[in-house]
Q: 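Pasting a structure here, questions to come.
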Amino acid sequence: MIRSSAAKPAPESAEPPTVHVVDDDPAIREALSSLFRSVGLAVQAVASVAEFLGSPRPGTPGCLVVDVRLPGLSGLDFQGQMAGLGIRLPIILMTGHGDIPMSVRAMKAGAVDFLAKPFRDQDMLDAVAVALERDARRRDAELAHEALAALYETLTQREREVLAQVTAGLMNKQVAGNLGLSEITVKIHRGNVMRKMSARSLADLVRMAEALGIRTGGQTSV
């Protein structure tokens, strides 16, 4: 493979993202490891899916680069089982024996790319860059959702009921009638909800409720 310097290394102050290489060919593992490290990425290279599953994984953003033909569980079969195994890393598949139906299957199942060997270093680096960005966005979204859910947990049951009805578009008077409260009490609860949820406006609160899966009546999917 030809070295490329186009990809930028990770900042020195941050833990570098990790590329997990799964290929039973030691020469490929070494070549890819060298390539990824040359642009500042961490690498964990193993020979099989079983070895990958048995290895500790860092908490940094990452992705998988997996050969289609592997001893034991194949790359395509592994891709199909990732969700059930709780593995949400973006995956790039590579093969020396690919065909169009195989690549279509991989892409439909969510692969970032399907590269035929031999591939250009830049094509691999580009695919990895997309995969790492996708994983970083997923992690950021999960952290934001966890923070939002933590704010929701600070609400009392009555405040949750008010939140659900207010964000469903009901006026304070309607919420008061539904919950058997005075309108002033509803306003107090609504103010508490806005403060505890760090919502700057009703529209902000509505977006939060949608993100949490809150339904009228106070039910939530968090």
Q: Report yes if the side chains of Val65 and Val128 come closer than 4.5 Å at any heavy-atom pair, otherwise no.
A: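 Val65 reaches Val128 side chain to side chain.
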Q: Any side-chain heavy atom of Leu163 sitting closer than 4.5 Å to one from Leu155?
A: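 Side chain of Leu163 against side chain of Leu155, heavy atoms only: contact under 4.5 Å found.
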Q: For Glu30, is there any backbone N or O sitting under 3.5 Å from a side-chain donor or acceptor partner on Ser33?
A: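 No, the answer is negative, given that no donor and acceptor are paired below the 3.5 Å cut-off.
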Q: Quick check: closest heavy atoms across Asp24 and Arg69, and the distance to 0.1 Å?
A: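 Result for this residue pair: OD1-O, 4.0 Å.
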Q: Let's go through Ile87 and Arg57 carefully: what are the C-alpha distance in whole Å and the side-chain angles of both, what is the deciding distance for side chain to side chain contact (heavy atoms under 4.5 Å, CB included) to 0.1 Å, and is it a yes or a no?
A: CA-CA 10 Å; Ile87 299 171; Arg57 291 187 289 278; 4.1 Å; yes
Q: Going by salt bridge (Lys or Arg N to Asp or Glu O under 4.0 Å), name the pairs with one or both residues in residues 129-138, residues two or more places apart or in two chains.
A: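 Counting only pairs at least two positions apart or across chains, the salt bridge (Lys or Arg N to Asp or Glu O under 4.0 Å) contacts touching residues 129-138 are Glu133-Arg137, Asp135-Arg138, Asp135-Arg139, Arg138-Glu142.
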Q: Output every pair passing salt bridge (Lys or Arg N to Asp or Glu O under 4.0 Å) with a member in residues 72-83, not counting sequence neighbours, ordered by first then second residue.
A: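 Checked against salt bridge (Lys or Arg N to Asp or Glu O under 4.0 Å) - neighbours excluded - the pairs reaching residues 72-83 are Asp77-Arg105.
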Q: I'd like to know if the side chain of Glu146 reaches the main chain of Leu143, judged simply by a donor and an acceptor atom lying under 3.5 Å from each other, with no hydrogens or angles considered.
A: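 Not confirmed, Glu146 side chain does not pair with Leu143 backbone.
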Q: What's the shortest heavy-atom distance between Met82 and Leu89, and which atoms?
A: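 Met82 and Leu89 have their closest heavy atoms at CE-O, 3.1 Å.
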Q: Run through Leu179, Asn178, Ile184 and flag the one making a side chain to side chain contact (heavy atoms under 4.5 Å, CB included) with Leu181.
A: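 Running side chain to side chain contact (heavy atoms under 4.5 Å, CB included) over Leu179, Asn178, Ile184 with Leu181 returns exactly one hit, Leu179.
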Q: A side-chain contact here means heavy atoms from C-beta on lying under 4.5 Å apart; do Leu212 and His145 qualify?
A: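 Side chain of Leu212 against side chain of His145, heavy atoms only: contact under 4.5 Å found.
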Q: Should the heavy atoms of other residues, nucleotides or ligands under 6.0 Å from CE of Met107 be counted, would the total exceed 12?
A: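 Yes, enclosed.
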Q: Would you kindly confirm whether Phe119 and Val21 end up in one hydrophobic cluster when ILVMFWY residues are joined by side chain heavy atoms under 4.5 Å apart?
A: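 Shared cluster, yes.
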Q: List the atom of Leu73, the atom of Val49, and the distance in Å for their closest heavy-atom pair.
A: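 Minimum heavy-atom contact is O-CG2, 3.7 Å.
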Q: Taking atom CZ of Arg37 and atom CG of Leu32, what is their separation to the nearest 0.5 Å?
A: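 Between Arg37 CZ and Leu32 CG, I get 11.0 Å after rounding to 0.5 Å.
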Q: Please name the residue in the list Cys63, Ser55, Pro58 that meets the side chain to side chain contact (heavy atoms under 4.5 Å, CB included) test with His20.
A: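 Of Cys63, Ser55, Pro58, side chain to side chain contact (heavy atoms under 4.5 Å, CB included) with His20 is met by Pro58 alone.
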Q: Side chains of Met124 and Met94: does their closest heavy-atom pair fall under 4.5 Å?
A: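 They are in contact (side-chain heavy atoms under 4.5 Å apart), so the answer is yes.
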Q: Before giving the answer on side chain to side chain contact (heavy atoms under 4.5 Å, CB included), spell out for Leu93 and Leu115 the whole-Å C-alpha distance, their side-chain angles and the decisive distance to 0.1 Å.
A: CA-CA 6 Å; Leu93 289 165; Leu115 300 177; over 6 Å; no
Q: Please report the interatomic distance CG(Leu64) to CZ(Phe52), rounded to the nearest 0.5 Å.
A: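 The distance works out to 4.5 Å.
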Q: Are Phe114 and Thr95 packed together at the side-chain level, in the sense that at least one heavy-atom pair is separated by less than 4.5 angstrom?
A: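 Answer yes - side chains close enough.
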Q: Would you name the heavy atoms of Ala47 and Leu70 that are closest together and state the gap between them?
A: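 Closest heavy-atom pair between Ala47 and Leu70: O-CD2, 4.0 Å.
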Q: Looking only at heavy atoms, which two atoms of Ile28 and Lys117 are closest? And how far apart?
A: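 Closest approach of Ile28 to Lys117: CG1-NZ, 4.3 Å.
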Q: Roughly how far apart are Arg190 CZ and Thr185 OG1, rounded to 0.5 Å?
A: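 Reported value, rounded in 0.5 Å steps: 14.5 Å.
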Q: Can you see which heavy atom on Ile214 is nearest to which on Ala164, and at what distance?
A: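 Of all heavy-atom pairs spanning Ile214 and Ala164, the closest is CG2-CB, 3.8 Å.
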Q: Would you say Val130 and Asp113 make side-chain contact, with heavy atoms under 4.5 Å?
A: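 No; the side chains remain at least 4.5 Å from each other.
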Q: Salt bridge (Lys or Arg N to Asp or Glu O under 4.0 Å) for Arg195 and Glu159? Distances and angles first, verdict last.
A: CA-CA 11 Å; Arg195 175 178 54 81; Glu159 288 167 350; 5.8 Å; no
Q: Is any side-chain heavy atom of Pro17 less than 4.5 Å from a side-chain heavy atom of Leu41?
A: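 Answer yes - side chains close enough.
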Q: Roughly how far, to the nearest 0.5 Å, is CG of Asp67 from OG of Ser48?
A: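 Ser48 atom OG to Asp67 atom CG measures 12.0 Å (nearest 0.5 Å).
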Q: Are side-chain heavy atoms of Leu53 and Phe78 found at a separation under 4.5 Å?
A: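 A side-chain contact exists here, since the closest heavy-atom pair is under 4.5 Å.
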Q: Could you tell me which residues satisfy side chain to side chain donor-acceptor pair (under 3.5 Å) with Arg29, sequence neighbours excluded, listed by chain and number?
A: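 If we apply the side chain to side chain donor-acceptor pair (under 3.5 Å) test to Arg29, skipping adjacent residues, there are no hits.
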Q: Any link between Val186 and Leu202 through a network of hydrophobic side chains (Ile, Leu, Val, Met, Phe, Trp, Tyr) touching at under 4.5 Å?
A: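 Both belong to a single hydrophobic cluster.
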Q: Between atom CG of Leu132 and atom CD1 of Ile92, what is the distance when rounded to the nearest 0.5 Å?
A: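 One finds 7.5 Å between CG of Leu132 and CD1 of Ile92.
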Q: Has the side chain of Gln79 got a donor or acceptor atom that lies under 3.5 Å from a matching backbone atom of Ala106?
A: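 Yes; judged by distance alone, with no hydrogens or angles, the pair exists.
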Q: Working note: Val112 + Ile91, criterion side chain to side chain contact (heavy atoms under 4.5 Å, CB included); need CA distance, chi angles, decisive distance, verdict.
A: CA-CA 6 Å; Val112 173; Ile91 187 170; over 6 Å; no
Q: How long is the span from the CZ atom in Phe36 to the CD atom in Gln44, to the nearest 0.5 Å?
A: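 Between atom CZ of Phe36 and atom CD of Gln44 there are 13.0 Å.
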Q: Do Leu170 and Ile188 belong together in a cluster built from hydrophobic side chains that touch within less than 4.5 Å?
A: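 Unlinked, Leu170 and Ile188 end up in two clusters.
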Q: Which is it for Val175 and His189 under the side chain to side chain contact (heavy atoms under 4.5 Å, CB included) test, yes or no, and what are the steps along the way?
A: CA-CA 11 Å; Val175 176; His189 285 312; over 6 Å; no
